[in-house]
*Asks:* 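This is the structure I want to talk about, given as structure tokens.
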Amino acid sequence: MTDDTQKKDEKHRKAMEKQKAQVDASIAAADVERGVSVLLTGNGKGKSSSAFGMVMRALGYQQKVGVIQFIKGEQLSGEELYLQAQCPDVYFYQMGTGFTWDTQNRAGDIAAAERTWAEAEALLNNADFDLVVLDELTYMLAYDYLDATRVLNAIAQRPTQQSVVVTGRGGGSALQDIMDTVSEVKDIKHAFTSGIKARRGVDF
Ligand code: ATP
Ligand code: MG
């Protein structure tokens with residue numbers, strides 16, 4: 001081994017030792033054991049698919065999972081097909097028909113949002129659920145379809161051991177303030193803008 005290689009190895013070993021000490025100290029300092037609230041926001045692709053990654057993780061430990069999607073139900077998605085067919089133990093509810101971006105039927109939209117929120121609230125009140133996914137919830141707040149205080153209180157006052165994941169662009173700073181983890185997915189580029197069609201298994 002040359003002197004140069006030996007020096008590089010030694011430098012690397014010392015850097016790793018220092019990093020390990022820092023990681024160990026952080027692990028020791030994080031001693032609160034409770035459910036976490038996660039907000040996945042931003043303009044890039046990856047929010048809902050990340051939430052469904054957590055669904056898979058939770059199911060790996062036989063945890064009880066509930067998924068509420070605040071979207072209209074015309075476009076099927078792989079996650080919906082899979083959960084409905086293969087995971088009867090996962091509670092799944094989609095806002096579905098009645099929600100009409102197209103017709104601008106505000107009263108109808110609010111009724112659909114309220115109906116869907118009632119489902120979400122029931123899960124956030126039920127300590128049997130380990131993980132609750134509120135997919136695309138932020139739009140209900142952005143459009144004022146749901147009362148923000150009511151939504152934030154239900155999330156904040158959920159059972160101690162329950163985790164909740166909220167996805168969607170925006171949602172406001174009050175929502176960010178109450179969440180434990182907030183990640184912004186940044187749009188650097190997306191295939192769609194180069195004319196590539198949305199793809200099964202990737203986009204829906
Ligand atoms: P995904 O479900 O793929 O994780 P997402 O939840 O981050 O995406 P949404 O805003 O919910 O994003 O939109 C879902 C659909 O829109 C997906 O088909 C996704 O590929 C597409 N999409 C997401 N971000 C962009 C973007 N910046 N430009 C174009 N299409 C996008
Ligand atoms: Mg999404």
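Just the heavy atoms: all of them, side chains too, but no hydrogens, waters or symmetry mates, feed the values below. Whatever order the structure lists them in is the order used to number ligands and atoms, beginning at 1. Given the structure is predicted, the values throughout are model-derived calculations rather than measurements.
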*Asks:* May I ask you to list the atoms of ligand 1 that are less than 4.0 angstrom from any heavy atom of Asp203?
*Replies:*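 Counting from 1, the qualifying ligand atoms are 17 (C), 18 (O), 19 (C), 20 (O).
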*Asks:* Starting from atom 10 (O) of ligand 1, find the nearest protein heavy-atom neighbour and note its residue, name and distance.
*Replies:* Arg169 NH2, 3.6 Å
*Asks:* Select one of side chain, backbone, both or neither to describe which atoms of His190 lie under 4.0 Å from any atom of ligand 1, heavy atoms only.
*Replies:*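 The answer is the side chain.
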*Asks:* Under 3.5 Å, is there a donor-acceptor pair between the side chain of Thr41 and the main chain of Glu184?
*Replies:* no
*Asks:* Tell me which N, O or S atom of Glu136 sits nearest to the Mg ion (ligand 2).
*Replies:*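 Going through the N, O and S atoms of Glu136 one by one, OE2 ends up nearest to the Mg ion (ligand 2).
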*Asks:* Counting heavy atoms only, which part of Ala198 comes closer than 4.0 Å to ligand 1: side chain, backbone, both or neither?
*Replies:*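 Neither part.
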*Asks:* For atom 6 (O) of ligand 1, tell me which residue out of Gly44, Ala191, Ser48, Gly42 has the closest non-hydrogen atom.
*Replies:* Ser48
*Asks:* Note the single closest protein heavy atom to atom 9 (P) of ligand 1, along with its residue, its atom name and the distance in Å.
*Replies:* Lys47 NZ, 4.2 Å
*Asks:* Atoms of ligand 1 less than 4.0 Å from Asn43 heavy atoms?
*Replies:*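 Here the atoms of ligand 1 in question are 24 (N), 26 (C), 27 (N).
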*Asks:* Closer than 4.0 Å to some heavy atom of Ser49 - which atoms of ligand 1 meet that?
*Replies:*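 Ligand 1 atoms under the 4.0 Å threshold to Ser49: 1 (P), 2 (O), 3 (O), 4 (O).
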*Asks:* Taking N, O or S atoms only and a limit of 2.8 Å, check whether Thr167 reaches the Mg ion (ligand 2).
*Replies:*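 No, since none of the N, O or S atoms of Thr167 sits under 2.8 Å from the Mg ion (ligand 2).
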*Asks:* Might you check, step by step, whether the distance between atom 16 (O) of ligand 1 and some protein heavy atom is under 4.0 Å?
*Replies:* no
*Asks:* For ligand 1, which atoms have a heavy atom of Asp187 less than 4.0 angstrom away?
*Replies:*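 Ligand 1 atoms under the 4.0 Å threshold to Asp187: 27 (N).
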*Asks:* Have a look at Glu17 and tell me which of Arg13, Lys20, Lys14 forms a side chain to side chain donor-acceptor pair (under 3.5 Å) with it.
*Replies:* Arg13
*Asks:* Quick test: of every protein heavy atom, which one is nearest to atom 3 (O) of ligand 1, and how far off is it to 0.1 Å?
*Replies:* Lys45 NZ, 2.5 Å
*Asks:* Are side-chain heavy atoms of Met95 and Glu136 found at a separation under 4.5 Å?
*Replies:* no
*Asks:* Which residue and atom name correspond to the protein heavy atom nearest atom 8 (O) of ligand 1, and how close is it?
*Replies:* Gly46 N, 3.6 Å
*Asks:* Tell me whether Phe204 has any N or O atom under 3.5 angstrom from an N or O of ligand 1.
*Replies:* no
*Asks:* I want to check something: taking the side chain as every heavy atom from C-beta on, are Lys7 and Glu10 in contact at a cut-off of under 4.5 Å?
*Replies:* no
*Asks:* Taking the side chain as everything from C-beta on, heavy atoms only, tell me whether Leu40 gets closer than 4.5 Å to Met54.
*Replies:*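 The answer is yes; the side chains approach within 4.5 Å.
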*Asks:* Please determine whether side chain to side chain contact (heavy atoms under 4.5 Å, CB included) holds for the pair Asp203 and Phe192, giving the CA-CA distance in whole Å, both sets of side-chain angles, and the decisive distance to 0.1 Å.
*Replies:* CA-CA 10 Å; Asp203 292 299; Phe192 188 68; over 6 Å; no
*Asks:* Does the side chain of Phe129 come within less than 4.5 Å of Arg158's, by heavy atoms?
*Replies:* no
*Asks:* Measuring to protein heavy atoms, does anything land under 4.0 Å from atom 12 (O) of ligand 1?
*Replies:*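 At least one protein heavy atom is under 4.0 Å away.
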*Asks:* Give a yes or no on whether the backbone of Val36 and the side-chain of Ser163 come within a donor-acceptor separation of less than 3.5 Å.
*Replies:*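 A pair under 3.5 Å: yes.
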*Asks:* When the ring planes of Tyr143 and Tyr145 are compared, do they come out parallel, tilted or perpendicular, using 30° and 60° as the limits?
*Replies:* tilted
*Asks:* Check this for me: does any side-chain nitrogen of one of Arg169 and Asp187 sit under 4.0 Å from a carboxylate oxygen of the other?
*Replies:*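 Salt bridge absent between Arg169 and Asp187.
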*Asks:* Are any non-hydrogen protein atoms located under 4.0 Å from atom 29 (C) of ligand 1?
*Replies:*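 Yes, at least one protein heavy atom sits under 4.0 Å from atom 29 (C) of ligand 1.
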*Asks:* Decide yes or no for Leu123 and Tyr93: does some side-chain heavy atom of the first lie under 4.5 Å from some side-chain heavy atom of the second?
*Replies:* no
